[in-house]
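Quick notes on the structure that follows.
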Protein chains: 2
Amino acid sequence: MRKITIRDIAREAGVSPSTVSRVINNSAPVSKELKERVLSTIKKLGYNPNPIAQSLRKGFTNTIGFIIPDITNPFFSLIVKGAEEYLKRKKMFLIVCNSNHSVKEEERLLQTLMERKTDGLLFIGAGNRNKIISTSLDKMKIVFVDRVYEKCKAPYVVSNNYKGMKNLIDYLVDTGHKSFVFLNGEKNTYSAKERLRGFLDALKEHKIEEYEVVFGQFTYESGFALAKGLKKIPDAIVCGNDLMAYGAIDALEERGYKVPDDVSVTGFDDLPFSKHYKPSLTTVRQPFYEMGYEAAKILYRLINSKPNIETNVVLETKLVIRETAKPKGGRR
Amino acid sequence: MRKITIRDIAREAGVSPSTVSRVINNSAPVSKELKERVLSTIKKLGYNPNPIAQSLRKGFTNTIGFIIPDITNPFFSLIVKGAEEYLKRKKMFLIVCNSNHSVKEEERLLQTLMERKTDGLLFIGAGNRNKIISTSLDKMKIVFVDRVYEKCKAPYVVSNNYKGMKNLIDYLVDTGHKSFVFLNGEKNTYSAKERLRGFLDALKEHKIEEYEVVFGQFTYESGFALAKGLKKIPDAIVCGNDLMAYGAIDALEERGYKVPDDVSVTGFDDLPFSKHYKPSLTTVRQPFYEMGYEAAKILYRLINSKPNIETNVVLETKLVIRETAKPKGGRR
DNA sequence: TTGTAAGCGTTATCAA
DNA sequence: TTGATAACGCTTACAA
């Protein structure tokens with residue numbers, strides 16, 4: 001019960017291995033007669049080409065890697081789903097790798113994917129201190145998703161964090177909020193920086209000077225801890241993402257504050273769950289699925305050197321008004 | 001800037017390629033002197049063996065696949081994390097694949113992983129109608145996780161769904177619940193069947209005959225829809241998993257029922273979020289992380305034909321009592 | 001202990 | 001249009 005090879009097919013069909021290869025790959029004209037004979041013996045013997053041998057010879061693998069910081073965060077896995085959808089159609093194989101928020105692990109994965117001659121990479125970085133990512137760019141096509149490395153010129157797909165945050169703050173100011181705290185995520189992260197920029201610009205425009213910015217991580221636990229430690233409770237607590245908002249709300253309620261009556265809390269992402277959270281979360285929707293889909297598309301076109309319409313994509317976000325932010329009246 | 005091969009190292013170090021190979025793999029004795037020379041030139045030229053060539057020659061890939069039904073469900077991704085942890089230590093590469101609840105997609109992935117000579121597979125099936133999984137067992141080591149295929153004799157790691165559910169029902173009966181509805185997940189799924197068995201056995205023991213069982217899917221949406229359609233509201237609504245419970249609670253509240261005052265609702269899994277849900281969820285904790293870790297361990301030992309302590313593992317669950325179930329008094 | 005050479009299963013080049 | 005042959009980069013008999 002040995003594995004069937006191209007030679008078996010050749011022998012059985014009475015042709016040379018090269019002819020079989022040509023039929024499989026449509027890489028050169030083969031007479032109709034031989035083609036049919038080859039095709040039918042392939043079917044008869046149930047032959048499948050060995051992808052490893054193909055890769056060794058061809059130098060590519062029909063494989064895309066996707067490195068994400070946290071497989072358990074729905075935000076990332078929903079992006080993956082979008083990429084998956086596109087690549088499935090293109091018959092590419094997607095390998096999902098979890099760096100677990102560790103730059104070191106991320107470097108290890110990057111290394112492995114390069115050695116294995118992955119054709120391209122979709123990349124959501126764990127921070128901005130990855131040392132080998134720049135050198136990787138020469139060896140592999142990479143598209144950055146959600147988080148951009150300012151240091152390296154490379155295609156990216158992100159959402160408009162700046163504008164998303166700005167619109168949110170505009171809304172909060174319009175509804176009477178006068179003092180703010182921003183519980184932000186990882187300081188070095190692109191998205192955290194962009195959101196901060198939006199936050200600060202908006203406040204400046206509205207001439208609001210009563211605010212504070214704190215950095216933590218994009219997790220429930222971090223949101224909880226930061227909100228626990230807050231000295232002064234402002235009108236609105238703006239969180240780096242939805243998970244942090246969940247954490248902050250729980251912490252505030254433990255401290256005896258009612259959300260949104262005593263303090264408004266907002267998120268960023270609009271995870272599917274945020275609609276069902278109690279109280280339901282006022283937040284900014286990011287187009288996860290589309291982000292993954294677009295990034296995969298760009299990467300695919302890059303790999304196959306098709307002209308790309310646009311390799312730097314900024315997708316728009318949408319303000320989602322729900323219950324955790326409530327108009328503040330004559331307070332203070 | 002060509003890629004460095006084993007031949008380059010051999011030439012530079014003044015030895016044969018086989019010697020270099022021997023040094024890399026420790027596959028045969030090499031004199032101390034040559035060994036050092038080889039090692040230092042490897043370092044000097046920054047050489048890494050080509051894993052594809054190695055795989056072609058050796059017939060294995062140091063790669064494990066993990067097929068899961070839904071990458072966005074934390075339950076599955078937490079299991080993956082456990083497996084990841086173990087395999088990282090063993091220097092194995094883990095490929096996560098998402099079947100998206102589709103048996104067809106699952107078959108496609110299985111096929112691909114086999115062709116690519118993945119050394120082993122961790123498998124959480126999307127249903128029980130996969131046609132090629134049995135034949136795959138000859139070609140690849142497979143460990144079933146969370147869901148067993150009764151049809152095929154293969155190692156598995158599951159949690160004790162039966163006992164977990166039975167204990168839950170015992171608790172509900174003890175706290176005065178007298179009528180039940182079970183909103184279960186996919187009918188053909190191992191875990192759904194086991195939980196149902198526990199449910200029915202417990203009720204029988206307590207001589208309770210007022211109950212109903214409905215099947216849906218293990219998703220929020222399904223829980224919501226099933227609860228919406230319920231004719232009679234019982235004392236307790238037992239859900240197939242936590243996500244379904246979230247959906248059911250929302251549906252019930254939309255219908256004007258208070259949880260747990262009017263009706264108790266329970267989940268199964270104890271997702272990290274269930275503690276923070278409002279009201280916090282009474283549920284059954286499954287040891288996700290451990291499930292993944294144990295499964296990876298068994299698979300690894302199987303691949304390297306080390307004696308396995310035990311290849312069929314049933315991990316215990318734990319009843320987690322929180323707010324969504326409330327003692328029912330003299331009702332009805 | 002070391003080197004030579006064959007082979008893993010393909011595909012690309014060249015000649016016919 | 002087809003076939004023989006070399007090569008992709010490595011490991012492993014086998015010979016020395």
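Note that the structure is predicted; figures quoted are calculated from it, not measured. Letters go in sequence order (proteins before strands), and every chain restarts at 1.
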*Please assess B:E105 against B:R108 for the test salt bridge (charged side-chain N to carboxylate O under 4.0 Å, His left out), listing each intermediate value before the final yes or no.*
CA-CA 5 Å; B:E105 177 63 12; B:R108 195 185 71 105; 3.0 Å; yes
*Using a heavy-atom cut-off of under 4.0 Å over every strand shown, decide if B:L34 touches base, sugar-phosphate, or nothing.*
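Touches sugar-phosphate only.
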_Regarding A:Y47, tell me which of base, sugar-phosphate or nothing describes its non-hydrogen contacts under 4.0 Å with the strands shown._
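Counting heavy atoms under 4.0 Å across all strands, the contact made by A:Y47 is with sugar-phosphate only.
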Looking at [options], which one has an atom nearest to any side-chain atom of [X]?
| X | options | answer |
| --- | --- | --- |
| A:S31 | D:dC14, D:dT2, D:dG3 | D:dT2 |
| B:R57 | C:dG9, C:dA6, D:dG3 | C:dA6 |
| B:I6 | D:dT2, C:dG9, D:dC10 | D:dC10 |
| A:K58 | C:dT11, D:dT11, D:dG3 | C:dT11 |

_Quick check: any donor-acceptor pair below 3.5 Å linking the side-chain of B:S18 to the base of C:dT4?_
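Yes, a donor-acceptor pair under 3.5 Å.
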Report the distance from atom [atom1] of [X] to atom [atom2] of [N], rounded to the nearest whole Å.
| X | N | atom1 | atom2 | value |
| --- | --- | --- | --- | --- |
| A:N62 | C:dT10 | CG | P | 15 Å |
| A:L56 | C:dC8 | CG | P | 13 Å |
| A:R7 | C:dC8 | CZ | C1' | 9 Å |
| B:I24 | C:dT2 | CD1 | P | 15 Å |
| A:R22 | C:dT11 | CZ | C1' | 10 Å |
| A:N50 | D:dC8 | CG | C1' | 13 Å |
| B:I4 | D:dC8 | CD1 | P | 15 Å |
| A:D8 | C:dG9 | CG | P | 9 Å |

_Between A:D119 and A:T61, is there a side-chain donor-acceptor contact under 3.5 Å, judged purely by atom types and distance?_
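Note: A:T61 and A:D119 side chains meet the donor-acceptor criterion.
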Phosphate OP1/OP2 of [N] contacted by [X] side-chain N/O (<4.0 Å):
| X | N | result |
| --- | --- | --- |
| A:Q54 | C:dT11 | yes |
| A:T19 | D:dG3 | yes |
| B:S21 | D:dT11 | yes |

*Could you point out which residue of B:I42, B:V20, B:T19, B:N50 forms a side-chain contact (heavy atoms from CB on, under 4.5 Å) with B:I6?*
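With B:I6 as partner, side-chain contact (heavy atoms from CB on, under 4.5 Å) holds for just one option, B:V20.
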*More than 12 non-hydrogen atoms from neighbouring residues, nucleotides or ligands closer than 6.0 Å to CD on B:E33, yes or no?*
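For B:E33, atom CD is not crowded (no more than 12 foreign heavy atoms under 6.0 Å).
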*Please work out which of the three classes, parallel, tilted or perpendicular, describes the rings of A:Y149 and A:F123, given edges at 30° and 60°.*
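Taking A:Y149 first and then A:F123, their aromatic rings stand perpendicular (interplane angle over 60°).
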*Starting at the 5' end of DNA chain C, which residue's closest nucleotide do you reach first, A:P49 or B:S16?*
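Final value for this comparison: B:S16.
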